[in-house]
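Because the structure is predicted, anything quoted here is derived from the model rather than measured. To find a chain, count down the sequence lines: A is the first, B the second, and so on, and within it residues start at 1.
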Amino acid sequence: MNSNTKIRIIAGRMLQAIPSVFGIIVVTFLLTRALPGDPAVYFAGPAADEKSIQQIRESLGLDKSLPEQFLIYLGDLVQGDLGVSISTGFPVAEELWRRLPASLELTLLALIFSISVAIPLGIAAATRPNSWVDQLCRLIVTAGVSLPVFFTGLFMVYIFYYILGVAPSPLGRLDIIYLSPPPITNFYTIDALLAGDFEVFWAALAQLILPAITLGTFTLAPLARMTRGAMLQVLSSDFIRTARASGLTRSTVLYTYAFRNALLPILTTLGMVFSFMLGSNVLVEKVFAWPGIGSFAIEALIVSDYVAVQGFVLAMAILYVLLNLTIDILYTLIDPRVGLDG
Amino acid sequence: MNERVPVLAVDNLNVEFRTRSGVVKALENVSFHVNRGEMIGIVGESGSGKSVSALTAMGILDEAGRVTQGSINLGGLDVLNAPERDLQEMRGREVSMIFQSPRTALNPIRTVGKQIGDVLRRHGSANRQNVRAEAIKALMSVRIPDPERRHDAYPFELSGGMCQRIMIAMALSCRPELLIADEPTTGLDVTTQAAIMDLIKELAKERNMATVLITHDLGMAADYCDRIVVMHAGHVIEQAATAELFASPRHPYTAKLMKATPHGEGSLDDIESIAGGLPDLRAELPPCRFSARCERYEAACDMPALIADEVSPGHLVTCRRPL
Amino acid sequence: MNEFFKHLRYVLTENPVTLFAGTLFLIFVIFALFGPLIVPYDPLASNASQTLKPPSWDHWFGTDQLGRDVFSRVLVATRLDLAIAISAVAISFVIGSVLGSLAGFFGGWTDKLVGRLTDTIMAFPLFVLAMGIVAAMGNTVENIVYATAIINLPFYARVARTEVNVRRNADFVLAARLAGNSSLRLLATHIYPNTLPPMMVQVSLNMGWAILNAAGLSFIGLGVRPPTAEWGIMVAEGAGYIVSGEWWLALFPGAALMLAVFCFNLLGDGLRDLIDPRRRT
């Protein structure tokens, strides 16, 4: 197979994401416009009279037919216009964009934590079935999916902040005694490193650790379960026997032969893991007062700021589609068989 | 090396498998050997212990399997007591193995050339610079056309016969003393089967390599092997030089097996099937595990301590009432 | 059927974990049914002289910021939490299995349409979609139920579709067809009942997740309003007191929630063993 075919397949995958994105846009549009109740009344606020409601209805285009409204909505989206947040008065897109780095920094660290624990654990459990590692893995997998993420977070705070006093107070990305580092990537840890300010780096990392572990623990379970299952299956396959019969070292058999093959089913589960992660992210941000897009959505929910909430839902869904697309592309790159069997 | 010292000597080997439904006595008092340059066939129905013997000799038995007695000497190495590191050194260098269904026996997401390269580099037969050239040489040695291009192919892009050639190239790349071929032609079409077997025979002769052919096909063993070991339900019941075995089979099971095998002359009408199946290896078993299926059975067969009897030089039979 | 009960007894006795989960489930059901009758205090009655008391003999789980008994509130909340989860799962089970069966049976455009619908739902991070739905439809308990039902729909539809699809051309179906049964009748009486065992496994595995989801929504302030006793909102109310050391406000409702989810997950695993012993991991 040559690289041209790969590129064609990847382009095909990207095209396949378009219906998903379209479906997402239709759903978010319907959520704001077509459901019971008059959006104009919401947008006008509680103090509005009939006349100002009518005014808002016209300014939002709500007096037009649904297809027309959809086209207008689509046109706005193309220009990156998600409407204006009623609670903050700023464009929703701008608000989300400003808060996105905080959420991404947290989610990425959580993902790194979760992968670096779950995968070795799953491999260890699969290579020694019924050993103590396997039992531990089973326990973590069952307990992990049962723990409400907001509950784990709170008790991490209780233990590490209130009792042990080793964690900073769970209030945002950086203790107020520090100034945020000069923004380059808007990831505080990376920006602090870029600025060479290790004190701020440690402070930012200290704030990150508890929420990241909380979020990571929740996604650890499905990942460890899948790694264990996939490794068990691959390890019993014929080509592993061949590799062992050829005298390849244990590490070559385990990583170059078994793990690379197990990676394919693990990658497919990552999609579900991301879904969990983006959802739990909202809850974790609330527990740790993390100023990301999840907190923004919760604040907006409380004051019935629907434009902001729908913008948030749309942004999260698009992010999720992009993550799934990345998984698909990785899969295509790893598995030489993709695209040949149909 | 002395021609008389066997490359592989399995002596009095007993293997058990612990399963959820009881202990399976997979091998009992199994002994056989292979000399340099010799090709022996291990023949028997599936479940008779052929593959278990081979995997034990390689030291890659499943974790559920346990050797309870016996010894295996492979090119001077005491396989059952050697450290895993020495066994890894041995596999692929001193002894190699090829398997049935070659397409699944190769790593599906690694090019075949790289898989051969892994073995070459593991055993120091190649380094980073020359690994590609050496792998291509290995492909050439098994008569694969256009080896440069095949080097970069994945198993799913090749036919079953081609994959088996790749397996052979990989197995022989480090010039082992012994090749164990476990049903190497199962799942291939008939013309390819002959081509693969001819290739193995030819390469073995060229390199004066010992070969163990594991097969359920007595006819194929007869065509290619110098000597044949017949197994039934975990026992070696008869072994002899091919010509002698066919001229005068002494164990009732061997005789039945020959009648059950379609061969050169004779018609399909002459084929007889063997009554009954293999006994349940989890149960208490009589000394002769064939007794339940045997027409020559009598009470004396149930006496303990049944041992192999050398009826003529090199011809061993494990039966109280041989033909 | 006798065989089934034999196997059931075998699974329960062979696997003490499933037995434990079954017992736990019964306890939850009893609390849900009789909770308000057996609690020692009125879950809504505040008591200004008894605020924020740690667990004691009088108040096993302590009292909250208004002096309400946490034990009584946790117990009474069982009914609401289970009711939300069970109704949500019931709705997605019914709608999902019907849609999935139709898609699996008729194939063609029905299949495409249902597939498109489930794919669209699955294109969202599910909890986020639930947030969006509750926000748009209005902040009520019923809407939490609907939102949870919608995000669970695809799982049921997919299982039902696969199960019906593999049976569509089974021998017994062809026989029934030759006997002159109409398509829909065939689907309803011959194929659909066979899909129920795998669907039940899906239900119990899904129930824990539905409880977590509903509690998560009320934790961020959707659906259930104070002073109603509900585990998610109780954890949310107790969250503020964690940093000052009053751990019992959040711990007990959180633990109850965790135990309920744990119980359903274990039951699901047990049920899977019961129905499909080969898929044991």
Under 3.5 Å: donor-acceptor pair, side chain of A/Glu285, backbone of A/Gly294: yes
Decide if atom CD of A/Gln135 counts as having more than 12 heavy atoms of other residues, nucleotides or ligands within a radius under 6.0 Å. yes
Under a 4.5 Å heavy-atom cutoff, which of A/Ser275, A/Ala297, A/Gly23 has the most pairs with chain C? A/Ser275
Do side-chain atoms of C/Glu246 reach the backbone of C/Gly238 as a donor and acceptor pair under 3.5 angstrom? no
Verify, without hydrogens or angle tests, whether A/Ser85 (side chain) and A/Ala308 (backbone) share a donor-acceptor contact under 3.5 angstrom. no
When the 4.5 angstrom heavy-atom criterion is applied to A/Phe155 and chain C, the contacting part is side chain
Is chain A contacted by the side chain of C/Trp209, its backbone, both, or neither, given a heavy-atom distance below 4.5 Å? side chain
Should the pair C/Trp247 and C/Phe252 be assigned to parallel (<30°), tilted (30 to 60°) or perpendicular (>60°) ring geometry? tilted
Between C/Phe262, C/Phe219, C/Phe264, which shows the greatest number of heavy-atom pairs under 4.5 Å with chain A? C/Phe219
Is C/Ile121 close to chain A through its backbone or its side chain, or both, or neither, when contacts mean heavy atoms under 4.5 Å? neither
Any donor-acceptor N/O pair, C/Ser218 side chain to C/Gly223 backbone, under 3.5 Å: no
Which one wins on heavy-atom pair count under 4.5 Å against chain A: C/Gly208, C/Ala236, C/Ala255? C/Ala255
Heavy-atom pair count under 4.5 Å with chain C, highest-scoring of A/Ala317, A/Gly271, A/Ser280: A/Ala317
Please identify, among C/Val134, C/Ile242, C/Asn265, C/Leu266, the residue contributing the most non-hydrogen atom pairs under 4.5 Å to chain A. C/Ile242
Do the non-hydrogen side-chain atoms of A/Tyr161 and A/Ser169 ever get within less than 4.5 Å of each other? yes
Looking at A/Ala300, A/Ser20, A/Ala17, A/Pro19, which makes the most heavy-atom pairs under 4.5 Å with chain C? A/Pro19
Considering only heavy atoms, which portion of A/Met272 lies under 4.5 Å from any heavy atom of chain C: side chain, backbone, both, or neither? side chain
Specify which of C/Leu212, C/Leu129, C/Leu251 makes the most heavy-atom pairs with chain A at under 4.5 Å. C/Leu251
Between the side chains of A/Ser114 and A/Thr219, does any donor sit under 3.5 Å from an acceptor? yes
For C/Leu222, which atoms come within 4.5 Å of any heavy atom of chain A: side chain, backbone, both, or neither? side chain
N/O donor-acceptor pair under 3.5 Å between C/Asn213 side chain and C/Thr148 backbone: no
Any sub-3.5 Å donor-acceptor pair from C/Asn143's side-chain atoms to C/Met137's backbone N or O? yes
Using heavy-atom distances under 4.5 Å, tell me whether A/Leu301 contacts chain C through its side chain, its backbone, both, or neither. side chain
Answer key: most heavy-atom pairs under 4.5 Å with chain C among A/Ile318, A/Leu323, A/Val282 is A/Val282
Where does A/Pro170 contact chain C at under 4.5 Å (heavy atoms): side chain, backbone, both or neither? side chain
I need the residue from A/Val26, A/Leu147, A/Leu154 with the largest number of non-hydrogen atom pairs under 4.5 Å to chain C. A/Leu154
Tell me, side chain or backbone of A/Val145 under 4.5 Å from chain C's heavy atoms, or both, or neither? both
Where on A/Phe276 is there a heavy atom nearer than 4.5 Å to chain C: the side chain, the backbone, both, or neither? side chain
Judged by atom type as modelled, is there a donor-acceptor pair below 3.5 Å linking the side chain of C/Asp81 to the main-chain atoms of C/Trp231? yes
Shorter than 4.5 Å, heavy atoms on both sides: which option in A/Val313, A/Val309, A/Val21 has the most such pairs with chain C? A/Val313
Tell me, which pairs form a side-chain hydrogen bond (donor to acceptor under 3.5 Å, both in side chains) where one or both residues lie in residues 116-136 of chain C, sequence neighbours left out? C/Asp119-C/Arg158
